[in-house]
There are 2 protein chains.
Amino acid sequence: MSNNAMAARLAFELVKTACSNCNLRELCLPIGIEPAELKKLDELVSTRRRLRRGDFLYRVGQGFESIYAVRSGFFKTDVMIEDGRDQVTGFQMTGELLGLDGISSEVHTCNAIALEDSEVCAIPFSHLEGLSRQIHTLQHHFHKVMSREIVRDHGVMLLLGTMRAEERLAAFLLNLSQRFKARGYSPAEFNLRMSRDEIGSYLGLKLETVSRAFSRFQEDGLLSVHQKKIRILNTDGLKTLMTHQRG
Amino acid sequence: MSNNAMAARLAFELVKTACSNCNLRELCLPIGIEPAELKKLDELVSTRRRLRRGDFLYRVGQGFESIYAVRSGFFKTDVMIEDGRDQVTGFQMTGELLGLDGISSEVHTCNAIALEDSEVCAIPFSHLEGLSRQIHTLQHHFHKVMSREIVRDHGVMLLLGTMRAEERLAAFLLNLSQRFKARGYSPAEFNLRMSRDEIGSYLGLKLETVSRAFSRFQEDGLLSVHQKKIRILNTDGLKTLMTHQRG
DNA sequence: TCGGTGGGTTGACGTGGATCAAACCCGGGG
DNA sequence: CCCCGGGTTTGATCCACGTCAACCCACCGA
């Protein structure tokens, strides 16, 4: 490699860490921000952090000072109560935010765990608050992100409270599919990063039930399933199954 | 009533509408705000609104422009999907905020319905954003409130995903009890404002199951139940039932 | 090559809560 | 006073999912 090429490469590496050059702009916080403002934002995202599969990004009880934007990889969050019961509360992929739960009490109330090797941007929360006092659009966008999390949770509550097993799994797969699509990946074919057990925990089902539902979908020609590799063969079938099932 | 008394009464009625004189200060937004700032806040809460039992505070699809603080009364929020299934996502009492779901898409994503005659303060959201750019503590407090809502929802997800019927009801009653206590009411004796059906919807159970659980608790000496009047006889019993039930 | 290991599938069976149905309770109106 | 209606209770039955257990398969390290 020539000196020039090395220098260029180095410059790229440096620049690449900045929000202004991040290809997640549309998904993450800086949406709709003016170039001048974007520059300020770059200072906000001070730290990057790499995680290996299985690493904790943060744990229950750990002091809260940053939220995190997933730059690459895949996470799950879970909560637990004393007696050992726990529940996966969400799966986060590229461009999604982690850690909003910690704001309320200055302490994280759930665990965030990398399901594959991942990278996140740490956003010191006090900085974010400071900057969002200056930049209206940032402030408003952040509020929208928090609100969207609430709406998402309501959706999960609806799922857990009213849907039967196959409807839950269908809803889950359609949601994943859509999120992959929004990121430029195939909505029809993807790898699950999580185990049957983790899916079950998220959906309020036992892993055997999840497994059976997968088998059923495959029998019915809705999916092809090979371990974690999923291919959706009949999206509409999944949709009707999700909604029209019961009266 | 003398003229003086009437004038005093009138003045009181006027003054009473302001945040600075609201006895919900501790529960609602203005916590920890300086007197000077509290004055600005008073301008924020422009409108009061009275609702009769059964009235909608807002509906799904309605444009969002304000959040609401419950001044008195009792509300429920619910979401629904096309096929008619719906779910109660929460019950809100004095000092709690309603409408945070609407921020994300500028449109309300759930219905808010008064379960008894109620009164709310409407807080225009753009004003709130404006003011929270000036008052750090307000900004931070608002973020905490949103975050707390997320944490609460995670708790409900845990309940819906992992608990059995009686555990759910115990958790629900203990939560209500605590919230009444925080408002200076008896934690041991209170009236349910909602029907068995609404409790069931919130807890992901059928009303018959809720009713049976109430009967069971009464047989076991944990509660006395007379229609909507609940008296908790054994708080610890409820707590152990909630957690220790299963391995 | 082999055994070990951990996740996944499948089957047989049990059960908690849904469903269906009847009776009850209480408040309100004629 | 009775009747009516909505919310609630209670009982009988059903079924979706959990539980328990065996087995399979992919992967891995020896």
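Below, read A as the first sequence line, B as the second, and so on, with proteins coming before strands; counting in each chain starts at 1.
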Nearest-angstrom distance from the residue atom CG of L169(B) to P of dG17(C): 12 Å
Gap between atoms CG and P, on L205(A) and dT19(D) respectively (whole Å): 12 Å
I need the CG-C1' distance between D197(A) and dG8(C), as an integer number of Å. 11 Å
Specify whether F91(A) and Y202(A) have parallel, tilted or perpendicular ring planes, treating 30° as the upper limit for parallel and 60° as the lower limit for perpendicular. perpendicular
How would you label the contact of G200(B) with the nucleic acid (heavy atoms, under 4.0 Å): base, sugar-phosphate, or nothing? nothing
For DNA chain D, what residues of residues 208-218 of chain B have any heavy atom nearer than 4.0 Å? E208(B), S211(B), R212(B), S215(B)
The criterion is salt bridge (charged side-chain N to carboxylate O under 4.0 Å, His left out); which residues satisfy it with R53(B), sequence neighbours excluded? none
How long is the line joining NE2 of H226(B) and P of dC26(C), in whole Å? 9 Å
Checking T89(B) now: which residues fulfil side-chain contact (heavy atoms from CB on, under 4.5 Å) with it, not counting sequence neighbours? H154(A), M157(A), T77(B), V79(B)
Once salt bridge (charged side-chain N to carboxylate O under 4.0 Å, His left out) is applied, do any residues pair with E208(B), and if so which ones, sequence neighbours excluded? none
Salt-bridge present (E119(B), R49(B); N to O < 4.0 Å): no
Can you see which heavy atom on I103(B) is nearest to which on M146(B), and at what distance? CD1-CE, 3.6 Å
Distance in angstrom units between M194(B) CE and dG7(D) P, rounded: 15 Å
Closer than 4.0 angstrom, basic N to acidic O: yes or no for E96(A) and R152(A)? no
I need the CD1-P distance between I199(B) and dG7(D), as an integer number of Å. 14 Å
Integer-rounded Å distance: dT8(D) C1' and K229(B) NZ: 18 Å
How close or far is atom P of dT9(C) from atom CD of E219(A), stated in whole angstroms? 12 Å
Under 4.0 Å, counting only non-hydrogen atoms across every strand here, what does L207(B) touch: a base, just sugar-phosphate, or nothing? base
Distance from H108(A) atom NE2 to L98(A) atom CG, nearest 0.5 Å? 9.5 Å
Just the atom pairs and distances: protein N or O near nucleotides 23-25 of chain C's N or O, under 3.5 Å.
none

So does K206(B) get a side-chain nitrogen or oxygen closer than 4.0 Å to the phosphate oxygens (OP1/OP2) of dG16(C)? no
For E106(B), enumerate each residue passing the salt bridge (charged side-chain N to carboxylate O under 4.0 Å, His left out) test, keeping only those at least two apart in sequence or located in another chain. K144(A)
